[in-house]
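Here is the structure we will look at, set down as structure tokens.
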Amino acid sequence: MYYAQVNQQTHHPSRTMIVFGYGQVMATPSSVQLQIEVQTQGNHVQGPQQENAAIMNEVMQSLIALGIPREQIQTASYTITPLYNFEDGKQIFNGYEVVNAISVNVSDTNDLGLIIDTAVENGANRITNIQFKMDHTDAYYQQALSLALQNAQLKAKTIAETMHLPLQPLPVEIVEEQANTPILYRSMAVSSGITPIEQGQIAIDATVRVKFQY
């Protein structure tokens with residue numbers, strides 16, 4: 001009897017692992033934006049309107065006197081709202097409220113406390129939406145992205161060494177996850193005296209999803 005010899009090779013399908021890498025870079029804010037508001041009330045709309053306009057004009061002139069360019073001061077909103085009280089289930093008209101809000105952009109974050117105090121001293125009665133920003137974030141993000149890739153590679157290597165897997169060093173797929181906008185938002189209440197504002201640092205994050213073969 002004659003038998004044909006057949007060479008058989010065992011095929012091992014490639015297997016993959018997916019890891020997520022994270023990177024973060026801390027940066028000092030390069031600018032700040034805040035909203036300064038003047039709120040007035042009165043029984044007739046003309047009264048609080050005129051009062052509000054006079055106060056806001058004083059506020060804006062005081063900010064310009066600090067050296068803030070006029071083009072960095074913009075009107076954010078202007079509202080006139082009727083006010084009502086409820087007594088015994090009835091709606092009773094109680095005058096009008098006028099709110100004028102300006103947005104101020106400042107390049108020197110160290111002057112923020114002085115700006116707030118000056119605005120309050122000249123009639124502003126609400127400070128909101130303090131936003132510390134980075135004007136140029138791309139370079140910081142590239143650093144964070146590099147750290148995220150290194151983190152993903154380290155994770156894959158750790159898994160492979162622990163499980164005794166023959167990891168391929170080069171990934172077969174890299175996906176950059178959507179990055180969050182690196183802006184820190186803060187709000188504060190008006191207080192007397194020198195207003196301490198701590199700018200802190202802004203975190204720029206990067207995330208990648210990386211696939212390796214083994």
Side-chain angles (χ1 to χ4, degrees), residues 1-35 68-69 71-74 76-77 101 103-113 115-116 127-189 195-214:
M1 185 175 291
Y2 185 81
Y3 294 93
Q5 185 176 2
V6 179
N7 292 326
Q8 294 182 347
Q9 294 181 345
T10 303
H11 177 67
H12 296 285
S14 63
R15 295 167 295 181
T16 61
M17 71 169 71
I18 296 176
V19 295
F20 286 85
Y22 303 95
Q24 184 179 86
V25 174
M26 304 301 294
T28 301
S30 55
S31 63
V32 63
Q33 183 181 49
L34 71 156
Q35 187 163 298
I68 301 175
E71 58 268 20
Q72 292 179 205
I73 303 173
Q74 295 180 329
S77 64
S103 176
V104 182
N105 292 280
V106 184
S107 56
D108 189 350
T109 57
N110 293 321
D111 291 339
L112 185 55
I115 291 169
I116 291 173
I127 309 293
T128 61
N129 296 333
I130 298 178
Q131 305 175 15
F132 291 98
K133 299 182 178 182
M134 293 297 302
D135 293 335
H136 305 287
T137 61
D138 188 64
Y140 292 101
Y141 178 73
Q142 298 302 325
Q143 296 178 34
L145 187 60
S146 177
L147 292 174
L149 289 168
Q150 294 175 37
N151 180 245
Q153 288 180 313
L154 181 60
K155 285 183 177 179
K157 182 180 178 181
T158 300
I159 293 172
E161 291 178 349
T162 302
M163 302 298 296
H164 304 289
L165 303 175
L167 182 71
Q168 298 296 318
L170 295 179
V172 296
E173 183 179 85
I174 301 175
V175 178
E176 179 186 10
E177 300 291 315
Q178 185 175 3
N180 295 323
T181 303
I183 297 179
L184 174 63
Y185 292 89
R186 293 182 182 177
S187 295
M188 57 159 295
T195 302
I197 299 294
E198 178 57 49
Q199 63 181 4
Q201 289 188 310
I202 296 177
I204 294 91
D205 299 313
T207 304
V208 293
R209 176 165 52 88
V210 185
K211 181 186 293 185
F212 291 89
Q213 283 186 338
Y214 65 92

Once rounded to the nearest 0.5 Å, what's the spacing between atom OG of Ser31 and atom CZ of Phe132? 10.0 Å

Do Gln72 side-chain atoms and Asn105 backbone N/O form a donor-acceptor pair below 3.5 Å? yes

For Asp108 and Val32, what are the C-alpha separation, side-chain angles and deciding distance, and is it a side-chain contact (heavy atoms from CB on, under 4.5 Å)? CA-CA 8 Å; Asp108 189 350; Val32 63; over 6 Å; no

With side-chain contact (heavy atoms from CB on, under 4.5 Å) as the test, would you mind laying out the steps for Ile116 and Leu34 before giving the verdict? CA-CA 9 Å; Ile116 291 173; Leu34 71 156; 3.9 Å; yes

Output, in order, the C-alpha distance, side-chain angles, deciding distance and verdict of side-chain contact (heavy atoms from CB on, under 4.5 Å) for Ile73 and Ile68. CA-CA 8 Å; Ile73 303 173; Ile68 301 175; 4.0 Å; yes

So how far is it from Gln35 CD to Gln74 CD, rounded to the nearest 0.5 Å? 11.5 Å

Taking only distance into account, with no hydrogens and no angle test, what donor-acceptor pairs under 3.5 Å do side-chain atoms of residues 165-176 form with protein atoms, sequence neighbours excluded?
from, atom 1, to, atom 2, distance (Å)
Glu176, OE2, Tyr141, OH, 2.4

Rounding to 0.5 Å, atoms OG1 (Thr16) and CZ (Phe212) come to a distance of 11.5 Å

Is there a side-chain contact (heavy atoms from CB on, under 4.5 Å) between Arg209 and Glu177? Walk through the geometry before answering. CA-CA 7 Å; Arg209 176 165 52 88; Glu177 300 291 315; 3.5 Å; yes

Do Gln33 and Lys133 make a side-chain contact, defined as non-hydrogen atoms from C-beta onward lying under 4.5 Å apart? yes

For residues 144-159, please give each side-chain donor-acceptor pair under 3.5 Å, one per line with the distance, not counting sequence neighbours.
from, atom 1, to, atom 2, distance (Å)
Ser146, OG, Gln150, NE2, 3.3
Asn151, OD1, Tyr22, N, 3.0
Lys155, NZ, Phe20, O, 2.7
Thr158, OG1, Leu154, O, 2.9

Under the side chain to side chain donor-acceptor pair (under 3.5 Å) rule, collect the residues that match up with Asp111, sequence neighbours excluded. none

